[in-house]
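Letters go in sequence order (proteins before strands), and every chain restarts at 1.
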There are 2 protein chains.
Amino acid sequence: MKWDTLEEEPCSLSRTVAVVGDRWTLLILRECFLRVRRFEAFQSSLQITRHLLSERLKKLVRFGILRRVPYSEAPKRYEYILTQKGLDLYPVIMAMVHWGDTHMGDERGRPLLHEHKTCGKLFDPVMVCSECGEPLHAKQVHVHAGPGRQEAVG
Amino acid sequence: MKWDTLEEEPCSLSRTVAVVGDRWTLLILRECFLRVRRFEAFQSSLQITRHLLSERLKKLVRFGILRRVPYSEAPKRYEYILTQKGLDLYPVIMAMVHWGDTHMGDERGRPLLHEHKTCGKLFDPVMVCSECGEPLHAKQVHVHAGPGRQEAVG
DNA sequence: ATTTGACAGTTCTATTTTAGAACTATAGCC
DNA sequence: GGCTATAGTTCTAAAATAGAACTGTCAAAT
């Protein structure tokens, strides 16, 4: 497959996968949501090679998910901060965390607990229907072709 | 990094990424949710090489995300069906689809529309707090170390 | 009875990506 | 001048992926 054109496929999943669909990118985003911002900090917490980290950060900046912001003038140094587009990936990351909590746990219990500051409680993320508010399940959803596609895939 | 031990890291995101964190696996799962079940069907709709498709399907079966179910005795033929563990990946896929709809769209509009059979309406998936039901935003969440980890990462 | 086609893979080589380590560059501090 | 911190770049070796061809089973067509 031509990964360089994946982002133009008439499929929103493909387009998302084109941008964040690899191991390192997802792990880098985890660090971003844990407030990591600097090259050295990413590198040492992930043990990613400097070369790949550099590449992935450039790509995330290019797609508008991170902003490269100077924090020192001399020498010039930058940090990488989530844009709104990047912050909007939170449900993707949290959905993966929740699946891992549910299906990949061990006897030691959860690695992290999440507190919702708004209500003060420890929570799990739940995906609901924007219209009726009920939790979503794959079997209750029917897919239609939208305007961005000729015929439905299934 | 040692990808073979990623699934044992004390981090639910790492563990999830270890299983579904690559381009082909995510695309294969999309097809699964669109009711694709057979080797030839995956191969022709994704244009994935047969070798990689074979590998990825084996891996998904090994992790209990797909079940390999015979549908013909002679010749022996199998199809791949989502288990409950696999169906539980729906929020992950839908979160990615929704992000793509929101941030990677073009002038043609959405490729697919989703109808919630329960309420009959076209919807978007929304991630909410299990405790108070409010939509989740990264900045309203505070992370604590859980029992499965010694010290918090951030 | 032999050929053709469908299906579900496996095997092989060439190309691309990633890992791992070393190197570059700027500037502050001792 | 030498040491450290930070943010990269460059190089070679190893691993993963692409692309095409091949295998094996059986049914249906010739």
Side-chain angles (χ1 to χ4, degrees), chain A residues 1-7 9 14 17-29 31-32 35-63 66-81, chain B residues 1-7 9 14 17-32 35-63 66-82:
Chain A
M1 166 168 298
K2 50 300 113 191
W3 291 118
D4 34 330
T5 58
L6 192 61
E7 69 200 71
E9 294 265 304
S14 297
V17 165
V19 184
V20 302
D22 74 280
R23 277 144 138 77
W24 282 126
T25 299
L26 290 164
L27 293 174
I28 288 168
L29 287 169
E31 296 300 303
C32 292
R35 274 79 175 171
V36 171
R37 294 163 133 81
R38 299 187 181 175
F39 191 94
E40 296 294 322
F42 287 113
Q43 202 278 319
S44 71
S45 76
L46 291 173
Q47 296 297 102
I48 183 177
T49 66
R50 309 177 74 77
H51 178 55
L52 269 202
L53 176 57
S54 176
E55 288 247 317
R56 291 292 192 275
L57 290 173
K58 272 181 204 153
K59 180 173 177 188
L60 288 168
V61 169
R62 180 156 42 83
F63 277 107
L66 297 177
R67 227 166 347 124
R68 189 162 172 266
V69 180
Y71 72 91
S72 150
E73 279 306 319
K76 273 276 187 189
R77 299 232 185 286
Y78 299 89
E79 53 189 10
Y80 296 88
I81 300 187
Chain B
M1 167 169 298
K2 48 304 112 190
W3 293 117
D4 33 329
T5 59
L6 192 61
E7 69 201 70
E9 293 264 307
S14 296
V17 165
V19 184
V20 302
D22 75 280
R23 279 145 136 76
W24 283 126
T25 299
L26 289 165
L27 293 174
I28 288 168
L29 286 169
R30 173 191 75 187
E31 297 300 303
C32 292
R35 273 79 174 172
V36 171
R37 292 162 133 84
R38 297 187 184 176
F39 191 93
E40 296 293 325
F42 286 112
Q43 202 278 320
S44 70
S45 75
L46 291 173
Q47 295 296 101
I48 183 176
T49 67
R50 309 177 74 78
H51 177 56
L52 270 202
L53 176 57
S54 176
E55 289 246 317
R56 291 292 192 278
L57 290 173
K58 272 183 205 152
K59 180 172 176 188
L60 288 168
V61 169
R62 180 156 43 81
F63 277 107
L66 297 178
R67 228 166 347 125
R68 189 160 172 269
V69 181
Y71 72 89
S72 149
E73 279 307 320
K76 272 274 188 189
R77 300 230 186 287
Y78 298 90
E79 53 190 9
Y80 297 88
I81 300 187
L82 286 164

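Between the OH atom of A/Tyr78 and the C1' atom of C/dA25 there is a distance of 14 Å, rounded to whole Å. The CD atom of B/Glu73 sits 15 Å away from the C1' atom of C/dA8 (whole-angstrom rounding). Whole-Å rounding puts the B/Leu57 CG to C/dC7 P distance at 16 Å. Distance A/Ile48 CD1 to C/dT17 C1': 13 Å, rounded to the nearest Å. Summarising the geometry, the separation between NZ on B/Lys76 and C1' on C/dA6 is reported as 18 Å, rounded to the nearest angstrom. Between B/Tyr80 atom OH and C/dC7 atom P there is a gap of 15 Å when expressed in whole angstrom units. Atom CG in A/Leu53 sits about 15 Å away from atom P in C/dG20, given to the nearest Å. Spacing between atom CZ of B/Arg77 and atom C1' of C/dG5 amounts to 11 Å, rounded to whole angstrom units.
The footprint of chain B on DNA chain D, defined by a heavy-atom cutoff below 4.0 Å, extends from D/dT17 to D/dC26.
A cation-pi geometry, defined here as NZ or CZ lying under 6.0 Å from the six-membered ring centre and within 45° of its normal, does not hold between A/Arg38 and A/Tyr78.
Qualifying side-chain hydrogen bond (donor to acceptor under 3.5 Å, both in side chains) partners for B/Ser54, counting only residues two or more places apart in sequence or in other chains: none.
Nearest nucleotide to the B/Lys58 side chain, out of C/dT10, C/dT18, C/dA27: C/dT10.
Residue contacts for A/Tyr71: at a heavy-atom cut-off of 4.0 Å it reaches the sugar-phosphate backbone alone, with no base atom in range.
Here A/Leu27 contributes atom CG and A/Gln47 contributes atom CD; the two are 12.5 Å apart, rounded to the nearest 0.5 Å.
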Task: Check against side chain to side chain donor-acceptor pair (under 3.5 Å), A/Glu7 and A/Ser14 - done: CA-CA 6 Å; A/Glu7 69 200 71; A/Ser14 297; over 6 Å; no
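Here the shortest heavy-atom pairing between B/Leu26 and A/Gly21 reads CD1-CA, 4.3 Å.
In this model, the phosphate group of C/dT24 is not approached by any side-chain N or O of A/Arg50 to a distance below 4.0 Å at OP1 or OP2. Side-chain N/O atoms of A/Arg56 include one lying less than 4.0 angstrom from OP1 or OP2 on C/dT18.
Place A/Glu55 and A/Trp3 on DNA chain D by their nearest nucleotides, and A/Glu55 ends up nearer the 5' end. Both B/Glu79 and A/Leu52 sit near DNA chain C, but only B/Glu79 has its closest nucleotide nearer the 5' end.
Contacts classified as salt bridge (charged side-chain N to carboxylate O under 4.0 Å, His left out) and involving residues 41-54 of chain A (residues at least two apart or in different chains) are given here: A/Glu40-A/Arg50.
When only modelled atom types and interatomic distance are considered, B/Arg37 and B/Tyr80 share no side-chain donor-acceptor pair under 3.5 Å.
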